[in-house]
Amino acid sequence: MSEPSGPLKGLRVVDLTRVLAGPTCTQMLGDLGAEVIKIERPEAGDDTRGFAPPFMPNTRESAYFVGVNRNKKSITLDIAKPEAQAVVHRLLANADILVENFKVGALAKYGLGWEQLKGQYPGLIYCSITGFGQTGPYAPRPGYDALIQAMGGVMSLTGEPEGEPQKVGIPVADLFAGLYGTIGILAALRHKQATGEGQQIDIGMLDTHVAWLANQGMNYLATGENPPRLGNQHPNIVPYQVFPTADGYMVLSIGNDPTFERFCRNFALEHLLADERYATNAARVGNRALVTETLTAVTRTMPTDEWISKLEALKIGCGPINTLDRVFADPHVQAREMLVKMPHASGEEVTVVANPVKLSATPPDYRSAAPVLGQHTEEVLLSLGYSAAEIAALREQKLV
């Protein structure tokens, strides 16, 4: 692993997370330069090591695990045992941040809960990511992405009007919780810099899900009415949706009345501008079905690529509906360097999605691909002052 160069260089993170929400948080910290030491169960490791196929080509590593665990050192510890807990304490003596996503109260059984550690390490930033947070009637419950999407309202808003509720196609509840955890940690670091004081960050997946209901949440608060499912249509802007073309589909995003006028004047629809049902966005929202039917007859007349070319020339929002092969082949995605090749401990090279944060002075760096299980156990233990004989004894007792 090369030396970090990012803005969090010099910070040490003890990573007691697994699956997706927690590892998303700690990978972001690692990308920004922090030293992240990931503690995994001996022999089994992070659950996502087994979330396969697919595996990364020519390796035994799951694509899922490799996607959210770069820039981390993996050590194996059975933290249920006092001798292994002592290793964690040695790490914490020189650590800035601990991130965990155990069930509420689970780490207290091992002497590693916030209430037990805050007195011993007063500068420690302790980030807990759970399904429902540390307080409230649901706190003891486990949290799962689809469950949170359902309980947080997003599934009620997603899907066709006459169809069943749908979850989003990627685990957004996990991802947002992890990113909100990172935001909380960065704020806590600023406070620690000013005061020397650490604190606990309590991230509940349901909280974060409610927080990003955004305009739909506000639509409900303004009206007291549950927003309906609209499929691929926008609740507040028309037309802003998927339309069929001669050979597929496209997204047409007309965000204001001047743009709608420009669209109409360039595609032989000037007559619509004199019709009050089309004249303003509010009128178009009120006549959504009519507007959709009228424009669908027009969009079917040309293939997608021709539409995109003409609409872009007019500076009208539009885009194809890309499958992932087209996403990763897109010249803009490539120009933005959103794919990174990294050498892996298997001897192979793995391709991962890059960090999207573009910093001019201290950009994210890519020091090491996701580690194999326990790859850095000996290195980390030696750095903590354990002798080779002591490490061998820990191995013999199956504590590491």
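All figures in this text were calculated on a predicted structure; none of them were measured in a lab.
- Looking at R284 and D275, no side-chain N of the basic residue comes within less than 4.0 Å of a carboxylate O on the acidic one, giving no salt bridge.
- Nearest heavy atom pair, residue S62 against residue A52, reads CB-CB, 3.7 Å.
- Put simply, the side chain of D330 gets close to the backbone of H332: a donor and an acceptor are under 3.5 Å apart.
- Residues V380 and L91 are in side-chain contact: their nearest non-hydrogen atoms beyond the backbone lie under 4.5 Å apart.
- Residue-environment remark: CZ (F328) exceeds the threshold of 12 foreign heavy atoms within 6.0 Å.
- Under the 4.5 Å side-chain criterion, counting only non-hydrogen atoms from C-beta, P235 is in contact with N215.
- A donor-acceptor pair is defined here as one N or O able to donate and one able to accept, closer than 3.5 Å; no such pair exists between the side chain of R288 and the backbone of V238.
- Side-chain atoms of Q27 come within 3.5 Å of backbone N or O of N69 as a donor-acceptor pair.
- Taking each heavy atom of A369 and P343 in turn, the nearest pair found is CB-O, 3.5 Å.
- Residues L32 and I125 share a single hydrophobic cluster, defined by chaining ILVMFWY side chains whose heavy atoms lie under 4.5 Å apart.
- L290 is not connected to I237 by any chain of hydrophobic side-chain contacts under 4.5 Å among Ile, Leu, Val, Met, Phe, Trp and Tyr, and they are in different clusters.
- Note that CG of L230 and CD of E160 are 9.5 Å apart. Values are rounded to the nearest 0.5 Å.
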Chi angles and distances behind the side chain to side chain contact (heavy atoms under 4.5 Å, CB included) call for S346, R60: CA-CA 8 Å; S346 63; R60 300 181 64 181; over 6 Å; no
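- Between F263 and F260, the ring planes are parallel. Angles under 30° get that label, and only those over 60° would be called perpendicular.
- Taking CG of L98 as the start and CG of L107 as the end, the distance is 7.5 Å to the nearest 0.5 Å.
- Listed for the R229 side chain is no donor-acceptor partner under 3.5 Å among the backbone atoms of Q166.
- A distance-only check finds a donor-acceptor pair linking the side chain of K192 to the backbone of G123 [under 3.5 Å].
- Counting non-hydrogen atoms of other residues, nucleotides and ligands closer than 6.0 Å to OH of Y386 gives a total above 12.
- Using a 4.5 Å heavy-atom cutoff, the side chains of V327 and M338 are not in contact.
- Residues L394 and I39 are members of one and the same hydrophobic cluster, defined by side-chain heavy-atom contacts under 4.5 angstrom among Ile, Leu, Val, Met, Phe, Trp and Tyr.
- Checking each of E40, H376, Q375 against S74 for a side chain to side chain donor-acceptor pair (under 3.5 Å) leaves exactly one that passes, namely E40.
- With a 4.5 Å cut-off on side-chain heavy atoms, K81 and Q397 do not count as touching.
- Side chains of N101 and T17: a donor-acceptor N/O pair is absent below 3.5 angstrom, by distance only.
- Residues V66 and V350 come closest through the heavy atom pair CG1-CG2, 4.3 Å.
- Defined by atom type and a distance below 3.5 Å, a donor-acceptor pair is missing between the side-chain atoms of H209 and Q149.
- Of all non-hydrogen atoms in G133 and A139, the two that sit nearest each other are O-CB, 3.4 Å.
- The side-chain heavy atoms of E348 and M56, taken from C-beta on, include no pair separated by under 4.5 Å.
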Using side chain to side chain contact (heavy atoms under 4.5 Å, CB included), reason through L339 and V333 one step at a time and then give a plain yes or no. CA-CA 8 Å; L339 289 179; V333 173; 5.6 Å; no
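- A donor-acceptor pair under 3.5 Å is formed between the side chain of Q116 and the backbone N or O of G113.
- Here the shortest heavy-atom pairing between I203 and C127 reads CG1-SG, 4.3 Å.
- In this structure, L272 is a member of the same hydrophobic cluster as V291, with clusters built from ILVMFWY side-chain heavy atoms closer than 4.5 Å.
- Note: the hydrophobic cluster containing I308 also contains L314 (ILVMFWY, side chain heavy atoms under 4.5 Å, direct or indirect links).
- At least one donor-acceptor pair closer than 3.5 Å links the side chain of K72 to the backbone N or O of P23.
- Surrounding OH of Y220 are at most 12 heavy atoms belonging to other residues, nucleotides or ligands under 6.0 Å away.
- Between P239 and the choices L295, V251, T294, T296, the side-chain contact (heavy atoms from CB on, under 4.5 Å) rule is met once, by L295.
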Determine, stepwise, if the pair T280 / D257 fulfils side chain to side chain donor-acceptor pair (under 3.5 Å). CA-CA 6 Å; T280 66; D257 294 336; 5.3 Å; no
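- D145 places no side-chain N or O within 3.5 Å of a backbone atom of A21 that could act as its donor or acceptor partner.
- Separation of atoms CG (N71) and CG (D365) is listed at 6.0 Å; rounding is to 0.5 Å.
- The aromatic rings of Y64 and F51 sit perpendicular to each other, their planes meeting at more than 60°, with 30° as the lower class boundary.
- Side-chain contact between F243 and N232 is absent, with no heavy-atom pair separated by less than 4.5 Å.
- Within a 6.0 Å sphere centred on NZ of K358, heavy atoms belonging to other residues, nucleotides or ligands number more than 12.
- Geometrically, R18 does not engage F65 in a cation-pi contact, judged by NZ or CZ lying under 6.0 Å from the ring centre and within 45° of the ring axis.
- Atom OG1 in T135 sits 6.0 Å away from atom CG in D202 (nearest 0.5 Å).
- Here the side chain of T301 pairs a donor or acceptor atom with the backbone of V298 at under 3.5 angstrom.
- In terms of heavy-atom proximity, N236 sits nearest to H234 at N-ND1, 2.9 Å.
- Here the CG-CD distance, from L124 to Q200, works out to 10.0 Å after rounding to the nearest 0.5 Å.
- Of the possible donor and acceptor atoms, none in the side chain of D31 sits under 3.5 Å from a partner among the backbone N and O of N355.
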Using the side chain to side chain contact (heavy atoms under 4.5 Å, CB included) rule, take M250 and L311 through it: C-alpha gap first, then chi angles, then the decisive distance, then the call. CA-CA 11 Å; M250 69 172 178; L311 290 167; 4.0 Å; yes
For a side chain to side chain contact (heavy atoms under 4.5 Å, CB included) check, start with the C-alpha distance between M205 and Y144, then their side-chain angles and the critical distance, and finish with the verdict. CA-CA 9 Å; M205 290 170 64; Y144 299 97; over 6 Å; no
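- Separating the CG atom in L117 from the CG atom in L112 is a distance of 5.5 Å, to the nearest 0.5 Å.
- Residues C25 and I185 form a side-chain contact, since some pair of their non-hydrogen atoms from C-beta on lies under 4.5 Å apart.
- Between F102 and Y110, the ring-plane angle classifies as perpendicular under the 30° and 60° cut-offs.
- A salt bridge links E61 with R49: at least one charged nitrogen is closer than 4.0 Å to a carboxylate oxygen.
- Residue F267 qualifies as enclosed at atom CZ: its count of foreign heavy atoms under 6.0 Å is above 12.
- In this structure the side chain of E378 reaches within 4.5 angstrom of the side chain of R395, judged on heavy atoms.
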